[in-house]
Amino acid sequence: MPDRSLPARASRAVAEAVSGLPRQFWWLWTSTLINKLGAFVVTFLALYLTTERGYSASYAGLVASLFGLGSAIASVVAGVLADRIGRRPTLVAAQLGTALFTALLGFSDGQVTIAAVAFLVGFCNNATRPATSAIIADIVPAEDRVRAFALNYWAINIGFGLSAAAAGLIATHGYLTLFLLDALSTVVCAVVIFVRIPETRPDAPAAVPGGPADPPAIGLLAVFRDTRFMAVVALNLLLALVAQQGSTTLAVDMGRAGISSTQYGLVIGLNGLLIVVLQIPVTRWMEGRDRTALLVASALFIGWGFGLTALAGSSAWFYAFTVAVWTLGEILNAPTMMGLVAELSPARARGRYQGVYSLSWSLASFLGPAAGGVLLERAGSGVMWGACAVLGTVAAGGYVLLGRRPGAALAKSATVAAAPAPGAGAAPAAEPERAAATGG
């Protein structure tokens with residue numbers, strides 16, 4: 001008789017979730033985990049600038065926005081480079097640059113210098129995203145991609161949860177250590193990629209069985225002209241504007257409420273912890289379910305989770321509750337959206353597509369912190385967090401409208417069965433518009 005105990009069921013669920021994926025994926029997963037275990041700086045940058053350096057919330061928002069501006073530029077540049085020179089060299093160069101400028105940021109002084117170096121950190125840091133997502137789409141068959149992206153997201157949050165909690169304790173002894181450890185982990189990540197992951201860019205156009213060949217090249221303008229895909233990017237931008245407040249405005253608001261850096265680290269670390277615990281079982285539950293419904297639910301959880309922050313007062317426990325709500329939205333959203341994005345990407349243009357999708361996150365990291373800082377400073381906490389609830393609701397409505405369009409990709413289930421990828425792990429592009437894009 002099979003063992004039906006909870007540990008046995010959990011063990012079987014994990015085994016099924018991790019089985020059947022290529023070895024290269026697991027090296028990429030390992031490198032991601034190593035990197036995120038030392039990813040201290042982005043999470044604590046706003047708190048560092050306001051509490052340690054004594055700068056205003058507006059300046060902290062400006063620095064975070066410049067970080068986001070660098071990220072936005074990198075989204076497009078790195079996406080093109082990943083398609084032209086390859087995923088591997090783009091990824092390794094971006095990681096080494098991130099390590100260099102992160103360490104330099106720890107030694108920087110003066111408002112102009114800090115802002116300039118933060119821009120460079122943002123550029124190099126986000127240049128890794130299109131290449132990473134393109135590698136996953138290259139090497140993982142279409143029917144396994146939602147699971148693969150969920151597992152990669154899981155690794156990110158294992159590292160994030162542990163690093164956020166540890167960073168709060170480390171910061172009490174000085175912030176410079178955070179910068180240096182972050183840089184070191186990024187160097188190790190670059191070494192793993194360089195040694196263990198081969199180039200995955202398709203050498204020849206991939207053919208869809210029974211359909212036209214994948215075009216040899218798709219220009220960046222073709223991506224932006226795909227109205228359906230850009231609608232998906234625009235809705236993601238709304239949610240990303242809300243999500244960005246978690247590492248910027250939320251830190252400032254909690255600091256004003258008297259929450260210590262240690263408490264903040266533990267509260268924000270709950271985000272990663274919940275993802276580590278829930279991502280695999282929730283992803284298994286999501287399989288075969290309506291994609292539109294999942295995206296609508298995720299938008300409402302994210303928007304209203306942040307909206308509830310207006311009621312937190314000075315209670316670290318209530319802040320933790322709000323983090324739990326919007327984290328559930330992230331768990332639903334991340335693998336669903338990334339699977340959709342990879343499905344829409346022609347194989348030889350995945351870097352560009354991932355870059356354009358990543359651009360929505362980068363624009364949010366540019367616009368979100370500045371807007372959040374100004375709203376918090378001039379209009380107060382209630383208006384700031386109420387605006388997040390509104391944006392989440394609007395995004396949910398947008399997903400409903402897109403899901404009702406005839407032939408809309410959103411109407412499919414969360415896991416899309418597809419023919420095995422031709423060639424060296426390259427999956428076929430989606431049947432609808434060949435210029436439909438996605439991103440990293």
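Keep in mind the model is a prediction, meaning the values are calculated, not measured.
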If you define the side chain from C-beta out and look only at heavy atoms, does anything of [X] sit under 4.5 Å from [Y]?
| X | Y | value |
| --- | --- | --- |
| Phe301 | Ile331 | no |
| Lys36 | Ile158 | no |
| Asn236 | Val232 | no |
| Met254 | Thr309 | no |
| Ile73 | Phe119 | yes |

Between CG on residue Asp144 and CD1 on residue Ile139, distance to nearest 0.5 Å: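 One gets 11.5 Å once the value is rounded to the nearest 0.5 Å.
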Atom pair OG1/CG of Thr98 and Asn35 - distance to nearest 0.5 Å: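 Taking OG1 in Thr98 and CG in Asn35, the distance rounds to 8.0 Å.
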Around [X], counting heavy atoms of other residues, nucleotides and ligands shown, do more than 12 lie under 6.0 Å from its [atom1]?
| X | atom1 | result |
| --- | --- | --- |
| Arg84 | CZ | no |
| Phe321 | CZ | no |
| Phe194 | CZ | no |

Whether Trp29 and Trp26 hold their rings parallel, tilted or perpendicular, with breakpoints at 30° and 60°: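 The arrangement is perpendicular - the two ring planes meet at more than 60°.
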Will you find, in the side chains of [X] and [Y], an N or O donor that is under 3.5 Å from an N or O acceptor?
| X | Y | value |
| --- | --- | --- |
| Asp182 | Thr102 | no |
| Gln263 | Tyr319 | no |
| Thr327 | Asn271 | yes |
| Thr322 | Trp385 | no |
| Asn126 | Ser71 | no |
| Trp27 | Ser31 | no |

Backbone N/O of Leu241 and side chain of Gln245: donor-acceptor pair under 3.5 Å: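 The answer is yes, because a donor-acceptor pair under 3.5 Å joins these two groups.
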Non-hydrogen atoms of Ser381 and Ala310 that approach each other most closely: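 Shortest heavy-atom separation between Ser381 and Ala310 comes out as OG-CA, 4.1 Å.
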side-chain contact (heavy atoms from CB on, under 4.5 Å) between Tyr48 and Leu178, worked out: CA-CA 10 Å; Tyr48 164 72; Leu178 297 182; over 6 Å; no
Steps toward side-chain contact (heavy atoms from CB on, under 4.5 Å) verdict (Met384, Asp253): CA-CA 10 Å; Met384 167 61 224; Asp253 190 43; over 6 Å; no
With Ile136, the side-chain contact (heavy atoms from CB on, under 4.5 Å) member among Thr200, Leu21, Asn152: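 Between Ile136 and the candidates, side-chain contact (heavy atoms from CB on, under 4.5 Å) is satisfied uniquely by Asn152.
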